[in-house]
Amino acid sequence: MIKVGVVGCGYWGPNLIRNFINLPGADVKSCADISENRLKHMKNLYPSIVTTTNYKDIVEDPEIDAIVVATPVSSHFEISHAALDAGKHVFAEKPLTRTVEEGLKLVTKAEEKKLTLMVGHTFVFTAAVNKIKELIESGELGEIYYISTSRVNLGIFQEDINVIWDLAPHDVSIMNYVLGSRPESVSAVGHSYIRPEIEDVAFVTMKYPGNKLANIHVSWLNPSKIRKTTVVGSKKMLVYDDVSSLEKIRIYDKGVTVQPHYDTFGEFQLSYRYGDISIPKLDDAEPLKIECQHFVDCIEQGITSRSSGVDGLDVLLVLDSADRSVRQNGAEVKIEYP
Ligand SMILES: NC(=O)c1ccc[n+]([C@@H]2O[C@H](COP(=O)([O-])OP(=O)(O)OC[C@H]3O[C@@H](n4cnc5c(N)ncnc54)[C@H](O)[C@@H]3O)[C@@H](O)[C@H]2O)c1
């Protein structure tokens, strides 16, 4: 039985507590929050849970095996580092930390201590994203040309991070996971329309190895909630709409073929294919439940997580490069992985 302590009981923390409590191989002994009101709420929901306003009480508790960090990103490093130092496994919400340097320190510390460090890239635990990965790896979509995503809605404006750090970790983690590679460079433009200095709208373009392009539109200033990913391959194309409850993925048997032989430009011919549209059936298990179970499995079996600290660091490198590109009016920034 893995004994878990959860730090941060705001919007997301309670979802993590509920899932860990319901796992057969784990239990949540305690939770921490600086807000007494949030702790009162948790105590009402789970009367046996131990509550504290000081996360160090949990980190120093010898009965606790693992710490889950669901506080705003500015405190992820301090809490996660203290937990690793105390010999606890760590599951930190996304993005892993506020800076690349902090992320690197956590990865190094977890390796030194031989502890599991996982980051909450929830989408890599969804049936839809795993279906996309399967379709890409099986070759059904052909060679992947590009991926483009929109993750936009009205609010919620964050105070400590811009919209790239708030929303793009999801898209970058999805793209790295389904393509099985990491972007070589990033260019991004963004603007702060509502509050100075904190971009609320951004367009981030990445180049992956093999001439694959990727684009992410993130915004807190959009009239409707859109969560759409388009994957265009040489054989087929697909659209993943995370807002749709029943038809999340549509695979389009559409494409363009260049005639193999031509002598003059006049003979250069393209043929367009408009085939069937298929909608694969997807498992509807809660991704967070799968993610929490995966964390327990990683601890018990000593396996590397599907969203490891290193994967979290890869995402931080993209976010940091995107920020630098925004400051340079969209200049292409090469990413140097450690
Ligand atoms: N994986 C996902 O899909 C997903 C979804 C939502 C949020 N998140 C992530 O979860 C984290 C929390 O987001 P949220 O929306 O729940 O934020 P929130 O502001 O609603 O909650 C954060 C809570 O942490 C508490 N807190 C702050 N500093 C603390 C400290 N030092 N010690 C103890 N408690 C402290 C606050 O009082 C608050 O109750 C963020 O990193 C966010 O990116 C992930």
Side-chain angles (χ1 to χ4, degrees), residues 4-20 28 30-45 49-61 64 67-83 88 90-99 102-103 106 117-126 128-129 149 151 153 155-174 177 198 218 220 225 227 242-243 286-292 294-295 305-307 309 311-312 315-316 319:
V4 176
V6 176
V7 185
C9 308
Y11 159 62
W12 197 242
N15 292 329
L16 289 154
I17 294 176
R18 171 175 53 79
N19 275 287
F20 275 111
V28 180
S30 43
C31 64
D33 200 294
I34 47 176
S35 152
E36 292 277 8
N37 274 345
R38 293 310 298 165
L39 292 177
K40 223 178 273 168
H41 179 63
M42 297 322 298
K43 197 84 186 160
N44 279 340
L45 287 174
I49 204 164
V50 178
T51 59
T52 172
T53 50
N54 185 353
Y55 79 85
K56 288 185 181 153
D57 294 340
I58 300 186
V59 164
E60 286 159 13
D61 180 346
I64 295 283
I67 306 282
V68 174
V69 184
T71 57
V73 63
S74 45
S75 52
H76 285 189
F77 174 73
E78 182 195 317
I79 299 167
S80 305
H81 195 267
K88 317 292 186 197
V90 170
F91 173 153
E93 258 314 325
K94 62 84 204 162
L96 180 60
T97 52
R98 187 64 191 86
T99 66
E102 290 175 349
L106 287 191
L117 171 63
M118 184 166 138
V119 59
H121 292 163
T122 314
F123 281 89
V124 306
F125 298 93
T126 60
V129 168
T149 68
R151 191 171 297 276
N153 40 257
I156 302 167
F157 282 75
Q158 304 289 321
E159 283 172 14
D160 55 347
I161 45 174
N162 66 16
V163 72
I164 299 177
W165 284 73
D166 183 34
L167 299 180
H170 291 310
D171 302 289
V172 179
S173 62
I174 291 171
Y177 179 64
I198 304 179
V218 278
W220 293 324
K225 177 171 173 169
R227 299 281 183 267
D242 196 54
V243 174
E286 185 180 356
L288 203 51
K289 179 180 173 193
I290 299 171
E291 187 176 12
C292 294
H294 178 72
F295 180 54
S305 168
R306 196 189 298 181
S307 62
D311 297 314
V315 169
L316 295 179
L319 305 177

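Reckoned from all heavy atoms, side chains included, excluding hydrogens, waters and symmetry mates. Atoms within each ligand, like the ligands themselves, are counted from 1 in listed order.
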| query | Hey, looking at atom 1 (N) of ligand 1, which of Leu96, Thr122, Val68, Val119 has the closest heavy atom? | reply | Thr122

| said: Show the atoms of ligand 1 that are less than 4.0 angstrom away from any heavy atom in Thr71. | reply: 11 (C), 12 (C), 24 (O), 26 (N), 29 (C), 34 (N), 35 (C), 40 (C), 41 (O)

| message | Tell me the closest heavy-atom pair linking Asp160 and Arg98, and the distance in Å. | response | O-NE, 3.3 Å

| query | Using a heavy-atom cut-off of under 4.0 Å, does the side chain or the backbone of Val7 touch ligand 1, or both, or neither? | reply | side chain

| Evaluating non-hydrogen atoms only, which member of Ile58, Leu39, Ile34, Asp33 is closest to atom 30 (C) of ligand 1? | Ile34

| remark: Contact region, His170 to ligand 1, non-hydrogen atoms below 4.0 Å, reads side chain

| field | Gap between atom CG of Asp61 and atom OG of Ser30 - 0.5 Å precision | value | 6.0 Å

| query | Can you say whether the rings of Trp220 and Phe157 are parallel (under 30°), tilted (30 to 60°) or perpendicular (over 60°)? | reply | tilted

| query | Rounded to the nearest 0.5 Å, how far apart are NE2 of His294 and NZ of Lys289? | reply | 16.0 Å

| Test: Arg306 cationic atom under 6.0 Å from Phe295 six-membered ring centre, within 45° of axis | no

| Would you call Glu286-Arg18 a salt bridge at under 4.0 Å N-O? | yes

| said: Please find the pair of heavy atoms, one from Ile34 and one from Thr53, that lie closest to each other, and give the distance. | reply: CG2-O, 4.0 Å

| task | Measure the distances from the heavy atoms of His76 to every atom of ligand 1 and state whether one is below 4.0 angstrom. | result | yes

| request: Could you name the option among Phe125, Tyr55, Trp12 that has the heavy atom nearest to atom 3 (O) of ligand 1? | output: Trp12

| said: Within ligand 1, which atoms have a heavy atom of Arg38 less than 4.0 Å away? | reply: 39 (O)

| Distance, nearest 0.5 Å, that separates NZ of Lys40 from SG of Cys9 | 14.0 Å

| query | Nearest non-hydrogen atom to atom 9 (C) of ligand 1 belongs to which of Met42, His41, Arg98, Glu93? | reply | Glu93

| said: Can you confirm whether Leu96 sits close enough to Leu117 that some side-chain heavy atom of one is under 4.5 Å from a side-chain heavy atom of the other? | reply: yes

| request: Go through ligand 1 atom by atom and flag the ones less than 4.0 Å from a non-hydrogen atom of Gly120. | output: 1 (N)

| Is any heavy atom of the protein nearer than 4.0 Å to atom 17 (O) of ligand 1? | no

| Atoms in ligand 1 flagged as close to Pro72, the criterion being non-hydrogen separation under 4.0 Å | 22 (C), 24 (O), 27 (C)

| note | For Gly8, the ligand 1 atoms with a heavy-atom partner under 4.0 Å come out as 24 (O)

